Amino acid sequence: MKIFKDRVAVITGAASGFGREFAIIGARLGMKLVLADVQEDALEATRAELAQQGAAVIALRCDVRHAEQVQALADAAMKNFGAVHLVFNNAGVGSGGLIWENTQADWEWVLGVNLWGVIHGVRIFTNLMLECAKQDPGYEGHIVNTASMAGLLNAPTMGVYNVSKHAVVSLSESLYQDLQLVEAPIGTSVLCPYFVPTGISQSHRNRPGDVPGTAPTASQRVAQAMSDKAVTSGKVTAQEVAENTFKAIVDGQFYIFSHPGALSNVQDRMGEIVGQKNPGDPYKATPHIRDMLRAKIKN
Ligand SMILES: NC(=O)c1ccc[n+]([C@@H]2O[C@H](COP(=O)([O-])OP(=O)(O)OC[C@H]3O[C@@H](n4cnc5c(N)ncnc54)[C@H](O)[C@@H]3O)[C@@H](O)[C@H]2O)c1
């Protein structure tokens, strides 16, 4: 996709972090914007800020776990702007702790947002975009799914999140292959950030009322502290990641990484798989962190 002006972008998780930065860049490029999130005050603040700058922008409360709400988002985009060209299936939440200590509600919430949100977005918007392409001989579209480096690695105490993000990488590669097969004018990218300062480690702020919480276990408390530290001390900004994402869309680049240096860990994992070895020690260079983790989890 090379042209953005007057084209329509739909962004989930648009009230904060990467989603908000996608919206700011989209507005700067003259796109018409459809913003979605569950946090209505922050969503409205983003909408108002961009509208004040002259952007054509609407915002809808949309919980991406629910197909009918994602369908309503697509309907609103068509009603207001008549087409959809660029979709960011970006909304996401995190949760940590030893994998067997997560409750069924934790699993359903994280997979509901991170995986089902992307499934609904891909199913509903790809069909819609293929229809839009039939109406417009010059149509160009692109879908960006936000996964994570956790979709390519399996760090301890992040199991539920890892599972959700591995599935998003698989879904995105499958979408890419299927769109190539039918020669659709729709590109695909998967965004795999490492730790970047956003609201992600505070995801529980938007944990919905229908997802009961329980008192955190020791491993969940340690995972929360580690995630807070890793996210807040990240040096690459959400704005830089969003700028690189738009560049990747123009270049038709599928994999988008915020920290390409971390890919050596992915290479190690692939080597273990191909070499039929057991998963390697993620703390081989930092054994003091493993010792600290073990001690705190046992307390
Ligand atoms: N920041 C990082 O370090 C990092 C690393 C890897 C991947 N990611 C991924 O990036 C994406 C964006 O997260 P972020 O880092 O900008 O965090 P963020 O918390 O700043 O933004 C996520 C947004 O998603 C919204 N959201 C949560 N549940 C929702 C739901 N059910 N329906 C609609 N919106 C919902 C939140 O309200 C929030 O505004 C997520 O998919 C996340 O997993 C982030």
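The structure presented is a predicted model; accordingly, all values stated were derived computationally and were not measured. We count ligands from 1, going down the list as the structure has it; atoms in each ligand are counted the same way.
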Closest candidate by heavy atom, reference [atom], pool [options]:
| atom | options | result |
| --- | --- | --- |
| atom 8 (N) of ligand 1 | Tyr161, Trp116, Tyr194 | Tyr161 |
| atom 9 (C) of ligand 1 | Thr146, Val168, Leu60 | Thr146 |
| atom 35 (C) of ligand 1 | Asn114, Thr12, Val241, Val38 | Val38 |

Quick one: does [X]'s side chain have a donor or acceptor within less than 3.5 Å of a partner on [Y]'s backbone?
| X | Y | value |
| --- | --- | --- |
| Lys32 | Arg7 | no |
| Thr12 | Ala91 | yes |
| Asn154 | Gly159 | no |
| Asp37 | Ala14 | yes |
| Arg20 | Thr46 | no |

Closest non-hydrogen protein atom to [atom], residue and atom name please, with distance?
| atom | value |
| --- | --- |
| atom 22 (C) of ligand 1 | Gly92 O, 3.9 Å |
| atom 27 (C) of ligand 1 | Val93 CG1, 3.7 Å |
| atom 44 (C) of ligand 1 | Phe18 CE1, 3.5 Å |
| atom 3 (O) of ligand 1 | Val196 N, 2.9 Å |
| atom 19 (O) of ligand 1 | Arg205 NH2, 3.0 Å |
| atom 39 (O) of ligand 1 | Asp37 OD2, 2.7 Å |
| atom 20 (O) of ligand 1 | Ser16 OG, 2.5 Å |
| atom 32 (N) of ligand 1 | Val64 N, 3.1 Å |

For [X], the ligand 1 atoms whose distance to one of its heavy atoms is below 4.0 Å:
| X | value |
| --- | --- |
| Asn90 | 11 (C), 12 (C), 40 (C), 41 (O) |
| Gly13 | 23 (C), 24 (O), 25 (C) |
| Phe195 | 3 (O) |
| Gly17 | 16 (O), 20 (O) |
| Lys165 | 40 (C), 41 (O), 42 (C), 43 (O) |

Between Tyr139 and His85, how do the two ring planes meet: parallel, tilted or perpendicular, split at 30° and 60°?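 It falls in the parallel class, under 30°.
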With under 30° as parallel and over 60° as perpendicular, where do the rings of His120 and Trp116 fit, or are they tilted in between?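 Geometry flag for Trp116 against His120: tilted rings.
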Any residue meeting side-chain hydrogen bond (donor to acceptor under 3.5 Å, both in side chains) with Ser148, in chain and number order, not counting sequence neighbours: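 Scan of Ser148 (side-chain hydrogen bond (donor to acceptor under 3.5 Å, both in side chains), adjacent residues dropped) gives none.
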Rounded to the nearest 0.5 Å, how far does CD1 of Ile143 lie from CG of Asn89?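 Interatomic distance, Asn89 CG to Ile143 CD1, rounded to 0.5 Å: 7.0 Å.
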State the NZ-CG distance between Lys165 and Leu171, to the nearest 0.5 angstrom.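 One finds 11.5 Å between NZ of Lys165 and CG of Leu171.
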Contact with ligand 1 for [X], non-hydrogen, under 4.0 angstrom:
| X | value |
| --- | --- |
| Ala230 | no |
| Cys62 | yes |
| Met149 | no |
| Gln69 | no |

Scan the side chains in residues 186-199 for donor-acceptor partners under 3.5 Å anywhere in the protein, sequence neighbours excluded, and list what turns up.
| residue | atom | partner | partner atom | Å |
| --- | --- | --- | --- | --- |
| Ser189 | OG | His142 | NE2 | 2.8 |
| Ser189 | OG | Gln253 | O | 2.7 |
| Thr198 | OG1 | Ile200 | N | 3.1 |

Is any NZ, NE, NH1 or NH2 atom of the basic residue among [X] and [Y] found under 4.0 Å from an Asp or Glu carboxylate oxygen of the other?
| X | Y | value |
| --- | --- | --- |
| Glu243 | Arg28 | yes |
| Arg65 | Asp210 | yes |
| Lys247 | Asp251 | yes |

Less than 3.5 Å between some nitrogen or oxygen of Gly199 and one of ligand 1, yes or no?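 Checking ligand 1 against Gly199, an N or O pair does fall under 3.5 Å apart.
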N or O pair under 3.5 Å between Arg65 and ligand 1: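 It does not: no N or O of Arg65 is found under 3.5 Å from an N or O of ligand 1.
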Specify side chain, backbone, both or neither for [X], according to which of its non-hydrogen atoms lie closer than 4.0 Å to ligand 1.
| X | value |
| --- | --- |
| Ala147 | backbone |
| Val113 | side chain |
| Asn206 | side chain |

Sort out for me which residue in Ile249, Thr146, Asn145, Leu35 forms a side-chain contact (heavy atoms from CB on, under 4.5 Å) with Phe88.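 Result: among Ile249, Thr146, Asn145, Leu35, Ile249 is the only option passing the side-chain contact (heavy atoms from CB on, under 4.5 Å) with Phe88.
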